[in-house]
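Worksheet for the structure shown next.
For reference, positions follow the sequence shown, starting with 1.
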Amino acid sequence: MNTLDQVQEKHRFMQMAHESILHHLDDSDFKLNDFVKDMLVSSSTLYNKIHETTGLSVSGYISAVRMDQAIKIARSYPELSQTKISMMVGFNSPKYFSKCFKKRYSMLFKDYLKKVNVDNPYL
């Protein structure tokens, strides 16, 4: 397999992984075992491919996709509360969502949205 084929295969795998998470976005019980079944690989293969591509663990990648979707939802529906959005993206606890978001983006969700809207009003 040449390099281009490997890159395309990696891209397809990550696209499939992203779509799997989006399919289960509001399911707070979507965990590693479910992800492994969706991806049709072993847990070690899933971890290795996710980590190699993103530098994140599998659970870290799931959280990252969920938080990115939370941002998109908040931008599209600014009237929704952070609590509602956190539930929509699979977090049982708004407090835990805030903690994860702050760890990933180094600021609170509401502050991030204000900054993005001020800095990039057309996004």
Using the ring of each side chain (for Trp, its six-membered ring), is Tyr96 parallel, tilted or perpendicular to Phe91, with breaks at 30° and 60°? tilted
Check the angle between the aromatic planes of His51 and Tyr47 and answer parallel, tilted or perpendicular using the 30° and 60° thresholds. parallel
Would you check if [X] and [Y] make a side-chain contact, meaning some heavy-atom pair closer than 4.5 Å?
{"X": "Gln69", "Y": "Met88", "answer": "no"}
{"X": "Met107", "Y": "Lys102", "answer": "no"}
{"X": "Val41", "Y": "Phe13", "answer": "yes"}

Would you compute the distance between atom [atom1] of [X] and atom [atom2] of [Y] and round it to the nearest 0.5 angstrom?
{"X": "Leu25", "Y": "His23", "atom1": "CG", "atom2": "NE2", "result": "11.0 Å"}
{"X": "Met39", "Y": "Met14", "atom1": "CE", "atom2": "CE", "result": "8.0 Å"}
{"X": "Lys110", "Y": "Ser81", "atom1": "NZ", "atom2": "OG", "result": "13.0 Å"}
{"X": "Lys84", "Y": "Ile73", "atom1": "NZ", "atom2": "CD1", "result": "9.5 Å"}

Please walk me through it: do Arg12 and Glu9 pass side-chain contact (heavy atoms from CB on, under 4.5 Å)? CA-CA 5 Å; Arg12 280 191 299 273; Glu9 182 180 319; 4.0 Å; yes
Pick one: which of Arg66, Met67, Gln82 meets side chain to side chain contact (heavy atoms under 4.5 Å, CB included) with Phe101? Met67
Knowing that exactly one of Leu32, Asn33, Asp26, Asp34 qualifies, which makes a side chain to side chain contact (heavy atoms under 4.5 Å, CB included) with Phe30? Asp34
Measure across [X] and [Y] and return the closest heavy-atom pair with its distance rounded to 0.1 Å.
{"X": "Pro94", "Y": "Ser86", "answer": "CA-OG, 3.7 Å"}
{"X": "Asn92", "Y": "Met87", "answer": "O-CE, 3.1 Å"}
{"X": "Ala70", "Y": "Val89", "answer": "N-CG1, 3.7 Å"}

Evaluate the side chain to side chain donor-acceptor pair (under 3.5 Å) criterion for residues Thr45 and Ser42: first the C-alpha distance (whole Å), next the side-chain angles of each, then the deciding distance (0.1 Å), finally the verdict. CA-CA 5 Å; Thr45 297; Ser42 69; 2.9 Å; yes
List the steps, then state whether side-chain contact (heavy atoms from CB on, under 4.5 Å) holds for Tyr61 with Ile21. CA-CA 9 Å; Tyr61 179 66; Ile21 296 167; 3.4 Å; yes
Using a 3.5 Å distance criterion without hydrogens, assess whether the side chain of [X] forms a donor-acceptor pair with backbone atoms of [Y].
{"X": "Thr54", "Y": "Ile50", "answer": "yes"}
{"X": "Ser20", "Y": "Met16", "answer": "no"}
{"X": "Asn48", "Y": "Ser44", "answer": "yes"}

Consider only side-chain heavy atoms of I, L, V, M, F, W and Y, link residues closer than 4.5 Å, and tell whether Ile71 and Leu108 are in one cluster. no
With no hydrogens and no angle check, do the side chains of His24 and Asp38 hold a donor and an acceptor under 3.5 Å apart? yes
Are there over 12 heavy-atom neighbours, none belonging to Lys31, within less than 6.0 Å of that residue's NZ? yes
